[in-house]
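A note on names: the letters A, B, ... follow the listed sequences, proteins ahead of strands, and every chain is numbered from 1. Below, all heavy atoms of this structure are taken into account, side chains as well, without hydrogens, waters or symmetry copies.
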Amino acid sequence: GDSVTQMEGPVTLSEEAFLTINCTYTATGYPSLFWYVQYPGEGLQLLLKATKADDKGSNKGFEATYRKETTSFHLEKGSVQVSDSAVYFCALIVVTGGGNKLTFGTGTQLKVEL
Amino acid sequence: DTGVSQNPRHKITKRGQNVTFRCDPISEHNRLYWYRQTLGQGPEFLTYFQNEAQLEKSRLLSDRFSAERPKGSFSTLEIQRTEQGDSAMYLCASSSQRVVPDTQYFGPGTRLTVL
């Protein structure tokens, strides 16, 4: 079946540090890849997405590149802020017969300190 | 675009009681999804509607769970004879069939606590 593996958290960084959150996947077909973010007390928000190999998704200073050869979609940000503290989820969709269920990783908690 | 809304936001119930949750999707979205999220885990798919048709159900969805979307707009998720293991956050998401890939937008969730 389809699965997503994320690096375990929490990840604790100082403000302005560089962020990488690793995500790898296995999929039965050709997946589209997503990063969602969940701020404390809030719902999941779509952060960025990529639909094919070598696509780069970007939003709010975050980037992730779809690497088919390594089945990875690592999330990066050059300079994190305290406001980036949240849980980040990597997810995939493989379209099969009209169904589009998201398969999520377990999430990585990011804590950014002053 | 008012976003996906869910009600109630919190529900506390006693074991054996029935509960019902409601989801109102983004108005132009014809697809609606239910997921369940337990502490420290990612959301897990429960079921999916396209318009009013329920097209897929996870094996996680036991016979005690039922979902409806009678007019292709809002949806309800009912859990009968609740068990403590049903305690979780129940998330609803919606998307448009016209957007490829399917990009799902989530509501704030309903947190269920079964005592």
Output yes when a side-chain donor or acceptor of B/T82 lies under 3.5 Å from a complementary backbone atom of B/Q17, and no otherwise. yes
Does any donor atom in the side chain of B/T47 or B/Q54 lie under 3.5 Å from an acceptor atom in the other side chain? yes
Residue from B/G109, B/G42, B/P43 scoring the most non-hydrogen pairs under 4.5 Å with chain A is B/P43
Ignoring hydrogens, what is the shortest heavy-atom contact between A/G105 and A/F89? Give both atom names and the distance. O-CD2, 3.6 Å
What about the rings of A/F34 and A/F104, do their centers lie closer together than 6.0 Å? no
For chain B, which candidate among A/V4, A/L102, A/T51, A/T103 shows the most heavy-atom pairs at distances under 4.5 Å? A/L102
Are there residues of residues 54-62 of chain A that reach to under 4.5 Å of chain B by heavy atoms, and which ones? none
Salt bridge or not for B/E52 and B/K71, using N-O below 4.0 Å? no
Flag for B/Q50-B/R31: side-chain donor and acceptor within less than 3.5 Å: yes
Tell me, side chain or backbone of A/Q109 under 4.5 Å from chain B's heavy atoms, or both, or neither? neither
Which residues from residues 65-74 of chain A are near chain B, with near meaning under 4.5 Å between non-hydrogen atoms? none
Does B/N7 reach the main-chain N or O of B/R22 with its side chain, forming a donor-acceptor pair under 3.5 Å? no
Determine whether the side chains of A/K49 and B/T103 contain a donor N or O and an acceptor N or O closer than 3.5 Å. yes
Derivation and outcome, side-chain hydrogen bond (donor to acceptor under 3.5 Å, both in side chains), residues B/Q41 and B/E44: CA-CA 9 Å; B/Q41 300 297 315; B/E44 293 178 298; over 6 Å; no
Kindly say whether B/Q80 contributes a backbone atom to a donor-acceptor pair with the side chain of B/R64 at under 3.5 angstrom? yes
Given B/Y35, which partner from the list B/Y90, B/F106, B/Y48 fulfils the side chain to side chain contact (heavy atoms under 4.5 Å, CB included) test? B/F106
